[in-house]
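Note on naming: letters A, B, ... go to the chains in the order of the sequence lines (proteins, then strands), and numbering restarts at 1 for each one. Fair warning: this is a prediction, and the values are worked out from it, not measured in the lab.
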2 protein chains.
Amino acid sequence: MPNTHDVLFRTLADPTRRALFERLCREGEQTVGALTAQSGVSQPAVSKHLGVLRQAGLVRDRHEGRQTHYSAQLGALAPLIDWTSQMAGFWQSRFDDLEDLLKRMDQ
Amino acid sequence: MPNTHDVLFRTLADPTRRALFERLCREGEQTVGALTAQSGVSQPAVSKHLGVLRQAGLVRDRHEGRQTHYSAQLGALAPLIDWTSQMAGFWQSRFDDLEDLLKRMDQ
DNA sequence: CCGATCAATAGCCATAGGGTTATCAATCGC
DNA sequence: GCGATTGATAACCCTATGGCTATTGATCGG
C-alpha cells in the first residue's frame, strides 16, 4: 500500500498529467473536451489521467449534463510541501549540529 | 528533452529511491554499503538509484579509497518548492479575481 | 425519437524502468 | 603479490503504465 507521498510524486511525475494539473491551477475549472483540445493526446488518455489525478485528490469533478468539469484541489499539495520542508529541516538540524560541534571545538 | 520538474518528480516518484534520499537527508553522508544494508534491495539496485539521484542533482558522491560516500544536495529541491508555490499562486490569484468580482457585484 | 456530441470504459500494444545475478575495476589488508 | 572487499556495469526479465482505437452510456438538439 503506497503512502501519500508515493501517490503524489507518482501522479505528478508524468508530464502530460502534470500539464493537465498545471492548466487547471492556472485557468481554473475546465471540461474534458477543453483539456483534451490542448493536451496533445487522445480524449481517453486525458480521461485516464484525470482519473489518476482525482484518485490522488489533486482534482475534483463536477458533472453538468453530458460534460464533466474538473478543477484543481490545491490542498492536496500539502503533504508535498510538508515533505520538502521536512527534508530541509533535517538538513538544517544536521547543519546546526555541525555548527555546534565546530563551536565547541573552537573553544 | 524532459525539463527540471520532470526529472525531479520522476526521480522522487520511486519509493526505494526516495527512501535513499530521505535517509541521506536525515543522517547525512553515507557509503553505498551502509545504504544498501537498510534498503531492502540489492547493491546494484542501490547504485543505480544513486546514479539517478546524482543525475537529478539531488545527491553528490565523494570517492574515498574503494568506497563511495553519498550526500544529499538540498538545493536541488528548489525547483520543486518553486513549482508548488507557483501552483498555489495561480490558485490564489484566481481566488482574488473572484473576490474582486464579488466585491464589485456587491456595490 | 434519432442522430450527434461528450466522457468513461474496455481491450490491446509498446516501452520504460526497477529488480535480479554475474562480472569487472579498483583498492585494501596481510 | 594475492585474496578479499567495495561499488559500478552489463545483460537480462518482468511488470507497470501511458498511449491508441473501438465501444458504450448518457444527454443534448431538432
Sugar-phosphate only, base, or nothing, as touched by A/Ala45 at under 4.0 Å among non-hydrogen atoms: sugar-phosphate

Donor-acceptor under 3.5 Å (B/Ser47 side chain, B/Pro44 main chain): no

Length of the line joining A/Arg54:CZ and C/dT9:C1', which is rounded to integer Å: 13 Å

Residue pair A/Tyr70 / A/Val46, side-chain heavy-atom distance below 4.5 Å: no

Nearest-neighbour nucleotide for the A/Arg66 side chain, C/dA22, C/dC6, D/dG7 considered: C/dC6

Atom-pair distance (CG on A/Asp14; P on C/dT15), nearest Å: 17 Å

Touch class at under 4.0 angstrom, heavy-atom based, for A/Thr36 against every strand present: nothing

Phosphate-side-chain proximity, B/Thr16 and C/dG19, N/O vs OP1/OP2 below 4.0 Å: yes

Nearest-angstrom distance from the residue atom CD of A/Glu64 to C1' of C/dA7: 14 Å

Separation of D/dT17 C1' from A/Gln55 CD (nearest whole Å): 14 Å

Between P of D/dT6 and NE2 of B/His69, the distance in whole Å: 12 Å

Plane angle bin for B/Phe9 and A/Phe9 - parallel if under 30°, tilted between 30 and 60°, otherwise perpendicular: tilted

A/Tyr70 side-chain N/O to C/dA8 phosphate OP1/OP2 under 4.0 Å: yes

Selected nucleotide, minimal atom distance to A/Val41 side chain, candidates D/dA22, D/dG19, D/dT17: D/dG19

Integer-rounded Å distance: D/dT23 P and A/Gln43 CD: 15 Å

Validation row: B/Leu80, A/Leu80 side chains within 4.5 angstrom (heavy atoms): yes

Side-chain N,O (B/Ser47) to OP1/OP2 (D/dG7) below 4.0 Å: no

Phosphate OP1/OP2 of C/dA7: any A/Thr68 side-chain N/O under 4.0 Å: no

B/Leu58: which of B/Leu20, B/Val52, B/Leu12 passes side chain to side chain contact (heavy atoms under 4.5 Å, CB included): B/Leu12

Closest nucleotide among D/dG7, C/dT21, C/dA7 to the B/Thr31 side chain: D/dG7

Between C1' of D/dG19 and CZ of A/Arg17, the distance in whole Å: 12 Å

Closest to the A/Gln67 side chain, choosing from D/dC20, C/dA7, C/dT20: C/dA7

Spacing between B/Asp6 atom CG and D/dG18 atom P, to the nearest angstrom: 13 Å

Given C/dG18, C/dT20, D/dC20, the nucleotide with the shortest approach to the side chain of A/Lys48: D/dC20

Residue whose nearest DNA chain D nucleotide is more 5′ - A/Gly65 or B/Leu50: B/Leu50

Side-chain touch B/Gln55/B/Thr11, heavy atoms, less than 4.5 angstrom: no

N/O (side chain, A/His49) to phosphate O (OP1/OP2, D/dG19) under 4.0 Å: yes

